[in-house]
Amino acid sequence: MQPLVIYNTLSRTKEEFRPLNPPLVGMYVCGPTVYSDVHLGNCRTFISFDLIYRYLVHLGFKVRYVRNITDAGHLEGDRDEGDDKFAKKAKLEQIEPMEVVQRYTVGFHNIMREFNTLPPSIEPTATGHICEQIEMIKEIMARGFAYEMGGTVYFDVEKYSREYNYGQLTNRKLEELLEGTRDLHGQDEKRGRLDFALWIAAKPETLMRWPSPWGWGFPGWHIECSAMSRKYLGDTFDIHGGGMDLQATHHTNEIAQSRACYHSAPVNYWMHTNMLTVNGTRMSKTAGNGFTPQELFTGNHPLLEKGYAPMAVKFFMLQTHYRSTLDFSNEALQASEKGFEKLMNSYATLQSLKGSPNSSENIEALHSKCYEAMNDDFNTPVLIAHLFDAVRIINSTADNKASLTQNDIDLLKKLYNDFVFDVLGLKTEEANSKLSHALDNVVALLLEMRSKAKSEKNFNLSDEIRDKLLTAGLQIKDTKEGTTWKI
RNA sequence: GGUUUCGUGGCCGAGUGGCUAGGCAGCGGUCUGCAAAACCGCGUACAGCGGUUCGAAUCCGCUCGAAACCUCCA
């Protein structure tokens, strides 16, 4: 079987994945800034990396998955001034900044649980690592790549560029980058226009502040990821991920900070997930064309015709490759909802299949095709196409149009457990067991009545029972072996 | 303006030179008292123009169109 290949942003090609210290794998993903409800685009990124994490674990790697919580130091503007997002939000809501952080961190975790993502191994916060950030800034200054102006410390991009390739990640030259920036504003104290803040001096009204060698202040946005990834994964680690929008600025600066600090490149494989769009344009907080995950689940938003279950949404996302943009529309979402239902129904059917002396299908070949799809840069759309092959085989067997040995049936069960549940992280909606037991009995009673009516050719009554059950949300299905039903 | 990516059948979405995914919707059929579900079959798509090649959705050029980044956002 072909080895696992990963598209590396650094080389812009798919590369064979070779961890530094197998079977250990270090993976860092830029987490959310918890100053408001988690954005659906964020969710896509974290679902993508959850898939990657799950697959690496499935392959037997021992993965340390670090995903941070940004709870300080993320500025509103690009000019390194103004308050950070938490303090601003806290003032608006008249609460403590850490209250904002707590509220939205909890909300974020709840949504991630709805999507059935696994918790990371470590979830460090920026405010919990102020010391590490200050130490790193000191090291960068000691190597001459940063300078202090009035209590604010800036990273010297031009100086860095004389020794390293600053635009490496986006394949851009310094001159091109310089052309793209705006003119320096009069009040700005930076030396170069590409310079960015590592530490920002607190203003009298700044709520979130810490002491440092440069006075009271707070860390810049980019330094937290460099400091925390280094602390938990080492100077150089295997995978760093995030959304594509972080590539040009945040990740470029992370590389610069690490190299300026300890010379070596921090990451071997940079992975970037693509954006979520609505009607062809990017869903963003500022464009106002987005909805929250909660609104998506309930359908309580003008853009949504109805609510969609978390698993249906997740399945919809996984039907697109993580490096492609994904456009949200009711039509597409409903198509996925039905496809997901079909996939899950076949799993229930699979449980009732009986083995035959021989098989008309090659399940082992199907199994290895699934691995091939995933080994090709986590190609979930192709994986799902193979899973629908399994669906067809299962349903055909149930219809006596194909046959499977018990061994093959067990192999199919393993296929579902491996890929549908373990790797894709999908699950069926669980019903309350006591309630569902009672429901079973009630439906069985009604079906018995209907069956009696049918045998007496009282089709009016039998159809009435069927139609009223459908209205109540239960669909029944007559088969040769008897009548089955589902919600 | 610069950098990058993309344009696939009604919709979503895989696919980097020949073997032409998959889902949803549609049509025809099998099954069925009728349904539903399931299964079988069908549509022969690759923005346009030109080029390379025995052969291109896939490589090259141009044109048109879209998006992302360059400025806070995954």
Side-chain angles (χ1 to χ4, degrees), chain A residues 12 29-33 35-36 38-49 74-79 82 84-85 167 170-173 175-182 194 221 241-250 252 272-277 280-287 290 315-316 319-321 323-340 342-343 345-346 349 373 376 379-389 391-392 394-402 454 457 459 462-463 466-467 470 475-480 483-486:
Chain A
R12 292 168 187 275
V29 174
C30 294
T33 304
Y35 68 98
S36 66
V38 63
H39 185 255
L40 200 58
N42 268 19
C43 293
R44 184 190 182 196
T45 297
F46 302 138
I47 287 171
S48 296
F49 283 104
H74 205 159
L75 290 169
E76 287 288 336
D78 62 315
R79 279 174 285 142
D84 68 52
K85 290 180 171 176
T170 43
N171 200 19
R172 303 184 65 182
K173 295 187 179 72
E175 306 82 68
E176 292 168 359
L177 287 163
L178 279 166
E179 272 174 36
T181 56
R182 347 172 136 155
L194 289 171
W221 175 36
M244 258 176 201
D245 51 348
L246 296 183
Q247 190 178 311
T249 307
H250 183 54
T252 290
H272 291 98
T273 57
N274 217 319
M275 300 290 108
L276 204 60
T277 61
T281 53
R282 176 177 168 191
M283 187 189 277
S284 77
K285 288 174 185 173
T286 43
F315 183 71
F316 169 65
Q319 274 187 301
T320 304
H321 191 261
R323 281 190 286 113
S324 298
T325 54
L326 173 60
D327 195 57
F328 251 74
S329 68
N330 283 284
E331 210 177 357
L333 228 27
Q334 279 161 31
S336 288
E337 197 175 39
K338 290 187 180 172
F340 176 63
K342 186 172 170 178
L343 181 68
N345 285 345
S346 74
T349 306
D376 184 15
N379 196 330
T380 51
V382 170
L383 168 65
I384 289 170
H386 295 322
L387 291 175
F388 276 107
D389 272 346
V391 170
R392 185 182 43 74
I394 290 166
N395 289 333
S396 295
T397 306
D399 278 6
N400 294 315
K401 284 166 184 152
K454 272 173 73 179
K457 304 271 180 203
F459 294 124
S462 72
D463 286 358
R466 183 179 64 199
D467 295 345
L470 187 64
Q475 188 177 80
I476 64 177
K477 178 181 161 189
D478 292 330
T479 68
K480 283 178 187 126
T483 304
T484 62
W485 61 276
K486 65 181 173 99

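Numbers restart at 1 for each chain; the letters A, B, ... are given by sequence-line order, proteins then strands.
- Using P as the reference atom, rC60(B) and rA37(B) are 46 Å apart when rounded to the nearest Å.
- Within 4.0 Å of Ser48(A), counting heavy atoms only, lies no atom of the nucleic acid at all.
- Nucleotides rA45(B) and rA21(B), compared at atom P, are 12 Å apart to the nearest Å.
- Atom pair Met275(A):CE and rU4(B):C1' shows a separation of 13 Å (rounding to whole Å applied).
- A donor-acceptor pair is defined here as one N or O able to donate and one able to accept, closer than 3.5 Å; no such pair exists between the side chain of Arg44(A) and the backbone of Gly243(A).
- rC64(B) and rC73(B) are spaced 34 Å apart, taking the P atom of each and rounding to whole Å.
- We find that CG of Asp399(A) is positioned 5 Å from C1' of rA38(B), with the value rounded to whole Å.
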Could you go over nucleotides 20-29 of chain B and give all protein N or O partners under 3.5 Å, atom names and distances?
from, atom 1, to, atom 2, distance (Å)
rA25(B), OP1, Lys338(A), NZ, 3.2

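- Trp221(A) places its CH2 atom 7 Å from the C1' atom of rC73(B), with the value rounded to the nearest Å.
- Note on Thr277(A): every side-chain N or O is 4.0 Å or more away from OP1 and OP2 of rA68(B).
- rG18(B) and rG55(B) have their P atoms separated by 14 Å, given to the nearest Å.
- The base of rA35(B) is paired with the side chain of Arg466(A) by a donor and an acceptor separated by under 3.5 Å.
- Going from atom CG of Leu333(A) over to atom P of rG13(B) covers 12 Å, rounded to whole Å.
- Listed here is the closest heavy atom pair of Thr170(A) and Gln247(A): CG2-NE2, 3.8 Å.
- Between Arg323(A) atom CZ and rC6(B) atom P the separation is 9 Å, expressed in whole Å.
- In this structure, Phe46(A) and Cys30(A) approach most closely via the heavy-atom pair CE2-O, 3.3 Å.
- rG7(B) and rG13(B): their C1' atoms are spaced 14 Å apart (whole Å).
- OP1 or OP2 of rA74(B) lies within a sub-4.0 Å distance of a side-chain N or O belonging to Asn42(A).
- Using a 4.0 Å heavy-atom criterion, one finds that Thr320(A) contacts the sugar-phosphate atoms exclusively.
- Formation of a donor-acceptor pair under 3.5 Å by the Thr273(A) side chain with backbone atoms of Arg323(A) is not found in this model.
- On the P atoms, rG61(B) is 14 Å away from rC6(B), given to the nearest whole Å.
- Under the Watson-Crick or G-U wobble criterion, with both distances below 3.5 Å, rA66(B) is paired with rU5(B).
- The shortest non-hydrogen separation linking Gly339(A) to Phe388(A) is O-CZ, 3.4 Å.
- Asn274(A) has no side-chain polar atom (N or O) that falls below the 4.0 Å cut-off from OP1 or OP2 of rA68(B).
- Nucleic acid contact for Gly41(A): base, since at least one base atom lies under 4.0 Å from a heavy atom of the residue.
- In this structure, of rC39(B), rC12(B), rA14(B), it is rC12(B) that holds the atom nearest to the side chain of Phe316(A).
- Along RNA chain B, the nucleotide closest to His321(A) and the one closest to Gly242(A) are compared, and the more 5′ of them pairs with His321(A).
- Atom CG of Leu326(A) is separated from atom P of rC11(B) by 17 Å (rounded to the nearest Å).
- rA56(B) is unpaired under the Watson-Crick or G-U wobble criterion, no partner having all donor-acceptor distances under 3.5 Å.
- Put simply, the side chain of Ser346(A) gets close to the backbone of Leu343(A): a donor and an acceptor are under 3.5 Å apart.
- Atoms CG (Asn379(A)) and C1' (rG15(B)) sit 9 Å apart, rounded to a whole Å.
- rG15(B) sits 10 Å from rU8(B) when the C1' atoms are compared, rounded to a whole Å.
- The 5' end of RNA chain B is approached more closely, in terms of each residue's nearest nucleotide, by Asp376(A) than by the other of Asp376(A) and Asn395(A).
- The same atom, P, is picked in rG51(B) and in rU58(B); the two are 14 Å apart, to the nearest Å.
- Between rG13(B), rC72(B), rG15(B), one nucleotide has an atom nearer to the side chain of Asp327(A) than all others, and that is rG13(B).
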CA sep, side-chain torsions, deciding dist, call: Leu326(A), Gln319(A), side-chain contact (heavy atoms from CB on, under 4.5 Å):
CA-CA 9 Å; Leu326(A) 173 60; Gln319(A) 274 187 301; over 6 Å; no
Do Leu40(A) and Leu276(A) pass the side-chain contact (heavy atoms from CB on, under 4.5 Å) test, and can you show the C-alpha distance, the side-chain angles, and the key distance before you say yes or no?
CA-CA 8 Å; Leu40(A) 200 58; Leu276(A) 204 60; 3.9 Å; yes
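- Using a 30° and 60° split on the angle between ring planes, His250(A) and Trp221(A) fall in the parallel class, below 30°.
- Distances shown here put a side-chain N or O of Ser324(A) below 4.0 Å from the OP1 or OP2 atom of rA14(B).
- A straight line from OH of Tyr35(A) to P of rC73(B) spans 8 Å, rounded to a whole angstrom.
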